[in-house]
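First up is the structure itself, then whatever we jot down about it.
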Amino acid sequence: MPELPEVEAVRRLLVPPMQGARFDRVLLRRANLRRPFCWDFVDRLTGATVTRVRRRAKHLLLDLSTGDTLLMHLGMTGDFRVEHMGLAPGEDHPRDPHDHVVFEMSSRWMVTFNDPRRFGAMDLLTADERAAHPTLAELGPEPLSRAFTAAALATACAGRRTSIKVALLDQQLVAGLGNIYAAEALHMARLSPRRLASTLATRAGGPRETTERLTAAIKTVLSKAIAEQTRSGAYRTNRFLVYDREGEPCAAEGCRGTITRIVQGGRSTFYCRACQR
DNA sequence: CCGCTGTCCTGCCAGC
DNA sequence: TGCTGGCAGGACAGCG
């Protein structure tokens, strides 16, 4: 579930308790999430100060005073809880069975990572490892940055013989979209998810109107979602226009179509056959 | 190089 | 009512 807007909301949540604060105590409740924690995870983190809380695509990066970077991914069900440290000596933290990591910060805030499905990940990287990290190095442009233009999208789509929906999930093409916002952006752009990615590429000259429309839709959908996250904080049940709305009438203005569900690349795509061409 | 499939993990829910 | 099976999702390995 967490895609770029949700991860950005988490980043903003973590800035006050963590940025500029030191790890006083790190508690690991288990040996692994999606992967095992590195053997010296607790020792390397304890005493380090967080200089910056950053986000790249769906990854959270905590830059540390030691030169290390704590790279975190929320997976599907990962989330952080921020609470006051109000413990009596010897008292244990109240815990949920899925609270896997607890950070006690010098800011007197306690930051707990909870992840029922354990698709999340935490890796402690040296500066060299971070610079050479294959996943980070190969990420495409941030969709909300100036680097993400219709021309860039067109170039990235050139020669791709896969559907535009599947291509949008490729983090090397554009970084941070997931299954939900890919569907929402295509709906807003009135483009069929089944369309071949290469049809968005340009042969010569500037990008075509459809590529411009999709680029704009991606930016709008993500910006709106970020604004909504920070305003409400909580998840509203289905604030999406097409995602998980199979059989419902299309919400596009003047459209009398019905949302259908198809499977692409092994996952669900929701779209309106009537207005998405 | 590229595209496609399977794997990880568990909560939830439809269907028997 | 209780069980089972399938699905959800992102990253990544491995295949052809």
Side-chain angles (χ1 to χ4, degrees), chain A residues 1-11 28-38 55-61 70-80 95-101 113-123 125 129-130 132-140 142-143 155-186 193-201 218 222 225 235 237-240 242-247 259-271:
Chain A
M1 178 81 170
E3 301 181 24
L4 188 151
E6 291 78 21
V7 179
E8 177 59 23
V10 170
R11 188 195 70 79
L28 289 188
R29 305 285 201 206
R30 53 177 303 123
N32 66 299
L33 292 172
R34 187 176 153 60
R35 291 186 287 275
F37 291 100
C38 63
R55 179 192 58 75
R56 176 75 171 101
K58 302 171 198 168
H59 303 270
L60 289 162
L61 296 97
L70 177 58
L71 176 65
M72 307 192 286
H73 199 288
L74 301 175
M76 262 187 75
T77 53
D79 203 6
F80 284 96
R95 64 167 100 173
D96 174 280
H98 305 300
D99 287 349
H100 305 310
V101 186
F113 181 70
N114 182 281
D115 186 3
R117 285 183 213 175
R118 298 209 312 278
F119 257 42
M122 286 194 192
D123 295 303
L125 308 176
E129 285 168 341
R130 189 196 56 218
H133 198 276
T135 306
L136 291 177
E138 286 160 21
L139 285 174
E142 280 289 318
T155 305
C157 285
R160 302 273 317 237
R161 305 209 49 83
T162 189
S163 70
I164 184 63
K165 159 66 178 355
V166 169
L168 287 180
L169 296 181
D170 181 349
Q171 301 297 297
Q172 298 184 32
L173 194 124
V174 53
L177 283 179
N179 204 39
I180 295 173
Y181 292 107
E184 295 298 307
L186 287 166
R194 308 174 63 161
R195 186 195 261 270
L196 217 54
S198 55
T199 64
L200 290 182
I218 290 168
L222 295 177
Y235 286 99
T237 48
N238 211 341
R239 53 204 168 80
F240 309 114
V242 276
Y243 181 78
D244 206 20
R245 290 198 181 277
E246 185 180 17
I259 307 304
T260 47
R261 188 185 87 100
I262 59 171
V263 175
Q264 293 179 293
R267 44 194 56 126
S268 293
T269 300
F270 298 89
Y271 80 112

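In what follows, every chain begins at residue 1, and chains take the letters A, B, ... in the order their sequences are listed. The structure displayed is predicted, hence computed values, not measured ones.
Between the side chains of A:R194 and A:S163, no donor-acceptor pair of N or O atoms lies under 3.5 Å. Between the side chains of A:D96 and A:N114, a donor-acceptor pair is found at a separation under 3.5 Å.
Dashed line: the shortest gap from a side-chain N or O of A:H73 to OP1 or OP2 of C:dA11 is under 4.0 Å. Taking 4.0 angstrom as the limit, A:T77 places none of its side-chain polar atoms (N or O) nearer than this to OP1 or OP2 of B:dG11. Note on A:Q171: every side-chain N or O is 4.0 Å or more away from OP1 and OP2 of C:dG10.
Here A:R261 lies in heavy-atom contact (under 4.0 Å) with sugar-phosphate atoms only. Among the heavy atoms of the strands, none lies under 4.0 Å from A:G266. Residue A:R161 is in sugar-phosphate contact alone, with no base atom involved, counting any heavy-atom pair closer than 4.0 Å across all strands shown.
Between A:A57 and A:F270, the one whose closest nucleotide on DNA chain C sits nearer the 5' end is A:F270.
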| request: Might you work through the salt bridge (Lys or Arg N to Asp or Glu O under 4.0 Å) test for A:D115 and A:R34, ending with a clear yes or no? | output: CA-CA 10 Å; A:D115 186 3; A:R34 187 176 153 60; over 6 Å; no
Distances under 3.5 Å between protein N/O atoms and the N/O atoms of nucleotides 8-10 of chain B, please, pair by pair.
{"from": "B:dC8", "atom 1": "O2", "to": "A:R34", "atom 2": "NH1", "distance (Å)": "2.7"}
{"from": "B:dC9", "atom 1": "O3'", "to": "A:R118", "atom 2": "NH2", "distance (Å)": "3.4"}
{"from": "B:dT10", "atom 1": "OP1", "to": "A:R118", "atom 2": "NH1", "distance (Å)": "2.7"}
{"from": "B:dT10", "atom 1": "OP1", "to": "A:R118", "atom 2": "NH2", "distance (Å)": "3.3"}
{"from": "B:dT10", "atom 1": "O2", "to": "A:R117", "atom 2": "NE", "distance (Å)": "3.2"}

Below 3.5 Å between N/O atoms, which protein atoms pair up with nucleotides 14-16 of chain C? Just atom names and distances, please.
none

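Atom CZ in A:R35 sits roughly 11 Å away from atom P in C:dA11 (whole-Å rounding).
Listed by chain and residue number, nothing satisfies the side-chain hydrogen bond (donor to acceptor under 3.5 Å, both in side chains) test with A:R118 (two or more places apart in sequence, or in another chain). By the ring pair (Phe, Tyr, Trp, His ring centres under 6.0 Å) test, A:H59 pairs with A:H73, sequence neighbours left out. Looking at residues two or more places apart in sequence or on another chain, you find no side-chain hydrogen bond (donor to acceptor under 3.5 Å, both in side chains) involving A:Q171. Under the ring pair (Phe, Tyr, Trp, His ring centres under 6.0 Å) criterion, A:F270 pairs with A:Y243, sequence neighbours left out.
Distance from the side chain of A:T135 is smallest to C:dC12 among C:dC12, C:dA8, C:dA11.
Judged purely by atom type and a 3.5 angstrom limit, A:S198 has no side-chain atom pairing as donor or acceptor with the backbone of A:C157.
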